[in-house]
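Note sheet for the following structure.
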Amino acid sequence: MTTTAPHAVTTRLSLPSTRQDPWWRTAVVYQIYVRSFHDSTGTGTGDLGGLLQRLPYLRRLGVDAIWLSPFYPSPQYDHGYDIADYHDVDPRFGDLDMMSRVIARAHALGLRVLADIVPNHCSIEHPWFKAALAGAPGSPERALFHFADGRGPEGAEPPNNWRSIFGGSSWARTTADDGTPGQWYLHSFAPEQADFNWADPRVGDYFDSVLRFWLDLGVDGFRIDVAHGLHKQQGLPDDPHAALDEITGDPVNSAAWNRPEVHDVWRRWRALTDEYERRDGRARVLVGEIGVLNPRQVALYQRPDELHQSFFFEFLRTEWDSAAFHDVICRGLEAVTAAGSAVSWVLNNHDMPRAVTRYAGGEPGGQPGDTALGERRARAALLMMLALPGSVYLYQGEELGLAEVVDLPTSALQDPMYHRSGGARRGRDGCRVPLPWHGSAPTYGFTDATAAWLPQPHWFSSYGAAEQDLRGESTLNLYRAALALRSAIPDLRDGGLVWDEVPDTPDGVLSFRRGGLLCTVNCGPSPVPAPHGATLLLSSAPEPSGDKQPAESAAWWVV
Ligand code: NOJ
């Protein structure tokens with residue numbers, strides 16, 4: 001067996017894409033959680049100026065595009081997923097001019113830019129909601145949201161039995177200036193996030209203008225929050241399964257989620273982005289967060305006249321197990337390709353415990369688990385994911401091999417999920433801790449302030465990007481090598497996947513081919529023989545050697 005050093009970094013400073021082969025089908029998109037990426041103003045919170053400074057880092061990492069979590073003016077009850085003004089930038093993060101600079105610089109570096117858009121709900125500080133509160137029951141202002149009278153004596157009970165994803169009823173009661181209790185309004189998440197009434201045509205028109213505003217500023221598309229939400233069943237009936245929304249945190253209530261009418265919204269948005277695409281030839285992309293559990297249902301959102309992509313979240317729920325991976329990959333490819341689109345694979349995002357910790361057997365608020373093992377597995381899972389047909393969404397910090405920060409002090413926790421569930425659900429702060437850039441003590445180059453907005457753990461000192469840059473076998477360098485190879489080898493992007501049916505494939509090993517490239521994932525605890533006659537291109541294990549594939553590792557081979 002021979003090994004090849006993966007130094008074949010290609011230079012792609014143009015933004016190539018055609019209508020037949022749009023860039024997003026095979027793109028690697030990197031999620032920026034702006035408040036935790038890099039702080040350029042010394043506030044302890046990341047901002048767009050910090051992102052601007054770090055764009056060359058992302059270019060060198062080798063991703064194709066970035067997706068920015070919400071940067072709009074917001075009271076930040078749910079870290080920006082509660083938008084008060086859809087046409088501006090929160091002063092905490094910068095301003096429109098800074099956003100334009102980020103877009104221009106990103107484009108100059110060959111990176112596309114996706115904005116996060118939140119159409120299911122807005123902040124209670126949005127002018128429309130303020131007007132609705134000031135308006136009378138039944139007024140046109142209230143018709144933009146879901147206001148209803150309560151049930152029971154004095155209307156003291158919520159209008160129906162729906163439960164919020166973050167815990168508690170999904171209704172909050174209004175109070176008049178004189179203290180009299182009034183109508184209730186619907187909030188599928190926190191009470192500070194009021195659900196729009198998409199049955200009112202003014203809502204659709206408004207979002208058309210929002211999309212145009214950001215497309216005119218130069219963004220290349222949108223990540224759509226809760227894209228299975230928006231429309232509710234007329235009459236807002238009780239649902240026998242509504243309580244499961246709160247218990248599982250999944251959208252199970254069929255009166256509140258995944259309504260057939262929502263597909264009309266996506267057809268309308270697709271027509272709008274197609275219009276921009278026809279005008280200047282630049283492919284735009286709409287990627288939906290579809291929190292629906294059935295992959296076939298998810299695939300419906302990706303029909304040719306709807307969203308270009310939707311996240312395929314199954315890996316986030318899958319244990320470290322070769323048979324389980326096989327199953328998930330088959331289901332993803334089958335469902336999504338049947339819809340005529342490509343799968344968008346995800347191992348990490350800002351809502352889930354980091355893969356290192358999931359594979360380590362740790363959990364937020366509990367034990368960290370065996371994080372060395374978790375990191376080893378997460379590196380392998382990356383090579384597996386990057387070798388699959390379709391696109392890939394990465395979440396900031398995974399390229400550094402970061403684990404979840406499981407032991408944040410409860411006094412530091414900010415996630416409404418933690419607070420709304422009375423502490424029963426730990427929430428998502430542990431994957432949102434500001435990144436370590438360099439150095440051996442907080443704030444690890446993240447900010448000039450004395451502390452970052454969430455405390456950073458001491459073990460970040462071994463994970464700084466600058467230090468990893470110098471270590472050949474670091475996770476950062478593995479990501480760079482894998483991304484460079486993925487962009488340089490057409491077989492990794494084009495064509496389908498063929499499972500390797502070699503009868504002597506060892507137990508616990510997953511093996512598939514993409515043209516002349518073979519990917520093997522050894523999920524077992526022992527080394528296995530290398531595939532016969534194959535040349536190693538890249539291994540996730542820091543110590544590839546001889547003719548064995550190390551335990552808990554993935555490898556790419558030329559066959
Ligand atoms: C999904 C987002 O990813 C999550 O962070 C947010 O809390 C909810 N949608 C509500 O907007």
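Just follow the structure's listing: the first ligand is 1, and inside any ligand the first atom is 1. In what follows, every heavy atom counts, from backbone to side chain, and hydrogens, waters and symmetry copies are set aside.
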Counting the benzene-type ring for Trp, do [X] and [Y] have ring centres under 6.0 Å apart?
{"X": "Tyr393", "Y": "Tyr30", "answer": "no"}
{"X": "Trp437", "Y": "Tyr444", "answer": "no"}
{"X": "His121", "Y": "Phe189", "answer": "yes"}

So is [X] touching ligand 1 or not, going by heavy atoms under 4.0 Å?
{"X": "Met417", "answer": "no"}
{"X": "His79", "answer": "no"}
{"X": "Arg432", "answer": "yes"}
{"X": "Gln31", "answer": "no"}

Where ligand 1 meets [X] - atom numbers and elements under 4.0 angstrom, heavy-atom basis:
{"X": "His121", "value": "10 (C), 11 (O)"}
{"X": "Arg428", "value": "4 (C), 5 (O), 6 (C), 7 (O)"}
{"X": "Val226", "value": "9 (N)"}
{"X": "Phe166", "value": "7 (O)"}

Assess whether atom NE2 of His241 is packed by more than 12 heavy atoms of other residues, nucleotides or ligands within 6.0 Å.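 No, NE2 of His241 has 12 or fewer neighbouring heavy atoms, counting only those of other groups under 6.0 Å.
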Give the residue, atom name and distance (to 0.1 Å) of the protein heavy atom nearest [atom].
{"atom": "atom 6 (C) of ligand 1", "value": "Asp78 OD2, 3.3 Å"}
{"atom": "atom 11 (O) of ligand 1", "value": "Asp225 OD2, 2.7 Å"}
{"atom": "atom 5 (O) of ligand 1", "value": "Asp351 OD1, 2.8 Å"}

Run the salt-bridge test on Arg212 and Asp208 with the 4.0 Å N-O cut-off and return the result as yes or no.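 Looking at Arg212 and Asp208, the cut-off is not met.
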Gap between atom CD of Gln31 and atom CG of Leu394 - 0.5 Å precision: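 It is 10.0 Å, given to the nearest 0.5 Å.
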Could you walk me through whether Arg101 and Leu96 pass side-chain contact (heavy atoms from CB on, under 4.5 Å), step by step? CA-CA 9 Å; Arg101 289 172 64 193; Leu96 281 172; over 6 Å; no
I'd like to know if the side chain of Arg354 and the backbone of Leu347 have a donor-acceptor N/O pair within less than 3.5 Å.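 It does not hold such a pair.
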